[in-house]
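Here's the structure, in structure tokens; my notes come after.
All figures in this text were calculated on a predicted structure; none of them were measured in a lab. Protein chains get the first letters and strands the later ones, always in sequence-line order, with residue 1 at the start of each.
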2 protein chains.
Amino acid sequence: MSNSIWCFENVNLFQILCPHKLKQYQKDHFEGFKKGDVIYFPDDSSKSIFMVSKGKVKIVSYSQEGEEIVKAILGKGEIFGEKALLGEDKRDDYALACTEPTELCPMKLPDMYELMRQNEKFGLSIYKLIGFRIKKMERRFEALLHKDVKTRLCDFLKEMADEKGIESGSEVIVNHFFTQKDFADLIGTKRETVTRLFNELKQDGIIDYTRKEIRIRGVENL
Amino acid sequence: MSNSIWCFENVNLFQILCPHKLKQYQKDHFEGFKKGDVIYFPDDSSKSIFMVSKGKVKIVSYSQEGEEIVKAILGKGEIFGEKALLGEDKRDDYALACTEPTELCPMKLPDMYELMRQNEKFGLSIYKLIGFRIKKMERRFEALLHKDVKTRLCDFLKEMADEKGIESGSEVIVNHFFTQKDFADLIGTKRETVTRLFNELKQDGIIDYTRKEIRIRGVENL
DNA sequence: CAAAAAATGTAAGCTGCATCACATAAAGGT
DNA sequence: ACCTTTATGTGATGCAGCTTACATTTTTTG
């Protein structure tokens, strides 16, 4: 299990980006958000990128018809707003705090570029992270195109197990902060279907689901 | 109608990337591919990015089950392989020539970085292009999630009209090189459904479809 | 120009999952 | 502890579009 949250490709993003450690960025770099607070709106100018230092952030946009598109749900140590680095001048989605309190390390674009210049390895790993985001999106797209809901859920669980699972004997434990609605949004289905599937997997003895953790008995069975 | 193919954000990518104009890159920069030729395979190392100078290139990958995922179909002036700039070391998809002859302007990564250093505006516009690719993928994803097939097809036609349509009186003419199977792959449906829908739109007098061009009577009707 | 291959046209039947409509349970607020 | 809100559980019903199965037309090839 790669600890890809804190450490990305051997570069500790958190340490570099998290302001508490860096005197010169100490002011104004620590913001408390309440549940439901909007961190940025579409059409806000893309001046910063952010790292979640506490809580849970949801990146969403809305279709004409007002349906929600969940692009990502991010926890501690994860980065968002990174499209600003690709010449985006206005945000095209919402970033919403969805726990209380949610805390962020914002990093202004010029500061970011400065950091990237100073630390080439860091710069590279930021671009690499963008590359991974693209691939993740492509995988999601592919799944939606060709896989049925059950397969998508299982793949998603495997991914979680790989990214943040803890091995414990023959099981893998994944601590999570998702609701079943969150799962549904992320794999492109409805909440009811997720409920049904989790219970099916439970029945089959493959997983053990609670609101806080999922125990997977044999990732290969998914 | 923006001529976004040749000129991207006021930077003429073609002129910069196309080798014929640049003495120092004149060798080896002009490759002829036959229909079906593979330009790169997954796991090839990502050493170059390419611009199509003639023909049609398809970027695809395959799921476990062997189903095709069409990520893009590119024509003259369009760029692919750009994930190499994001620290990708191995390709994760196929690039296939699908016309004969297909010609490319390859650009080795170091040369590319050199060019980007020399011409900052160019460098920026390359990253911007990547940003646009991400947004395009996100739009496709959203469409798949929330829109029915007919809407997806209409949106796709609108996009084509916008990107490469020629206004002619009250109509917009879009010259294209897609088969109905291509359309199906790109909007995430089956060929038969595309056929049905094109004929439906024809019946309703909204479009006029031939293998070479589509005439749209009133893009707003789509 | 004939034959093969590729693209397009059409229709009937089936199914995965959304939708609707509630019931129960857990969490959070006061 | 009580009340409100949020999350989860479970059946009944419907339908968009996939599947399957051919027919026809257009393009390509030898």
Side-chain angles (χ1 to χ4, degrees), chain A residues 34-36 55-56 58 63 65-70 73 96-102 143-154 156 176-204 207-214, chain B residues 34-36 55-56 58 63 65-70 73 96 98-101 143-154 156 176-204 207-214:
Chain A
K34 294 186 190 163
K35 192 195 284 193
K56 178 179 159 189
K58 202 155 89 169
S63 64
E65 298 73 34
E67 292 149 308
E68 198 175 76
I69 300 109
V70 175
I73 297 180
L96 306 170
C98 43
T99 53
E100 189 160 347
T102 295
L144 213 49
L145 212 49
H146 289 303
K147 296 180 182 175
D148 67 13
V149 176
K150 186 162 190 177
T151 312
R152 297 207 298 271
L153 180 61
C154 289
F156 189 79
H176 71 99
F177 46 64
F178 294 135
T179 67
Q180 297 192 353
K181 173 80 167 72
D182 288 340
F183 280 105
D185 289 340
L186 287 166
I187 66 173
T189 184
K190 299 291 150 184
R191 198 224 86 224
E192 293 88 326
T193 306
V194 169
T195 302
R196 250 185 283 270
L197 288 175
F198 269 135
N199 289 328
E200 231 178 82
L201 291 170
K202 217 183 230 174
Q203 226 93 75
D204 296 349
I207 67 163
D208 204 333
Y209 178 89
T210 76
R211 290 175 188 212
K212 294 260 143 75
E213 70 171 31
I214 302 175
Chain B
K34 294 186 189 162
K35 191 195 283 193
K56 178 179 160 189
K58 203 155 89 169
S63 63
E65 298 73 34
E67 292 148 310
E68 198 174 75
I69 300 110
V70 176
I73 296 179
L96 306 170
C98 43
T99 53
E100 189 158 348
L144 213 48
L145 213 48
H146 290 303
K147 296 180 181 174
D148 67 15
V149 176
K150 186 162 189 177
T151 312
R152 296 206 300 271
L153 181 60
C154 288
F156 189 78
H176 70 100
F177 46 63
F178 294 134
T179 66
Q180 298 191 352
K181 173 80 167 73
D182 288 339
F183 280 104
D185 288 339
L186 287 166
I187 66 174
T189 183
K190 299 290 149 183
R191 199 222 85 226
E192 294 86 328
T193 307
V194 169
T195 303
R196 242 189 298 273
L197 289 175
F198 269 134
N199 289 328
E200 231 180 83
L201 291 170
K202 215 182 231 173
Q203 225 93 74
D204 297 349
I207 67 162
D208 204 333
Y209 178 90
T210 75
R211 289 174 188 214
K212 293 260 143 76
E213 72 172 31
I214 303 175

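One atom, CG of A/D148, and another, P of D/dG17, lie 18 Å apart when rounded to the nearest Å. Between the NE2 atom of A/H146 and the C1' atom of D/dG17 there is a distance of 15 Å, rounded to whole Å. Straight-line distance from the CZ atom of A/R196 to the C1' atom of D/dA7: 16 Å, rounded to whole Å. Atom CG of B/L153 and atom C1' of D/dA16 are 15 Å apart (whole Å). Across the protein-nucleic acid pair, A/E200 atom CD and D/dT10 atom C1' stand 13 Å apart, rounded to whole Å. A/L197 has its CG atom 12 Å from the P atom of D/dG9, to the nearest Å. In this structure, B/R191 atom CZ and D/dT20 atom P are separated by 14 Å, rounded to whole Å. Counting to the nearest Å, the C1' atom of C/dG16 and the NZ atom of A/K147 are 17 Å from each other.
Between B/F183 and B/Y209, the two ring planes are perpendicular [angle over 60°; tilted spans 30° to 60°].
Under the 3.5 Å distance criterion, the side-chain polar atoms of B/R152 are matched with a main-chain donor or acceptor of B/K147. Side-chain atoms of A/T102 do not come within 3.5 Å of backbone N or O of A/G55 as any donor-acceptor pair. A donor-acceptor pair is defined here as one N or O able to donate and one able to accept, closer than 3.5 Å; no such pair exists between the side chain of A/K58 and the backbone of A/C98.
Within the 4.0 Å cut-off from OP1 or OP2 of C/dG9, at least one side-chain nitrogen or oxygen of B/Q180 is found. Of the side-chain N and O atoms in B/K181, none sit less than 4.0 angstrom from OP1 or OP2 of C/dT8. Contact between the side-chain N/O atoms of B/T195 and the OP1/OP2 oxygens of C/dA7 is not found at any separation under 4.0 Å.
If you check D/dG17, C/dT19, C/dT10 against the side chain of B/N199, the one that comes closest is C/dT10. Taking the side chain of A/K190 as heavy atoms from C-beta on, and the options C/dA11, C/dT8, C/dA18, the nearest nucleotide is C/dA18. Counting only heavy atoms from C-beta on, B/R211 has its side chain closest to C/dA7 among C/dA7, D/dC18, C/dC17. Among D/dA12, D/dA7, D/dG17, the nucleotide with an atom closest to any side-chain atom of A/T179 is D/dA7. When each of D/dG11, C/dT8, C/dT10 is scored by its nearest atom to the side-chain atoms of B/E192, the top-ranked nucleotide is C/dT10.
Mapping B/K202 and A/E67 onto DNA chain C by nearest heavy atom places B/K202 closer to the 5' end of the strand.
Nucleic acid contact for B/F183: none, since no nucleic acid atom lies under 4.0 Å from a heavy atom of the residue.
Here the closest non-hydrogen pair linking B/T195 and B/Q180 is OG1-OE1, 2.6 Å.
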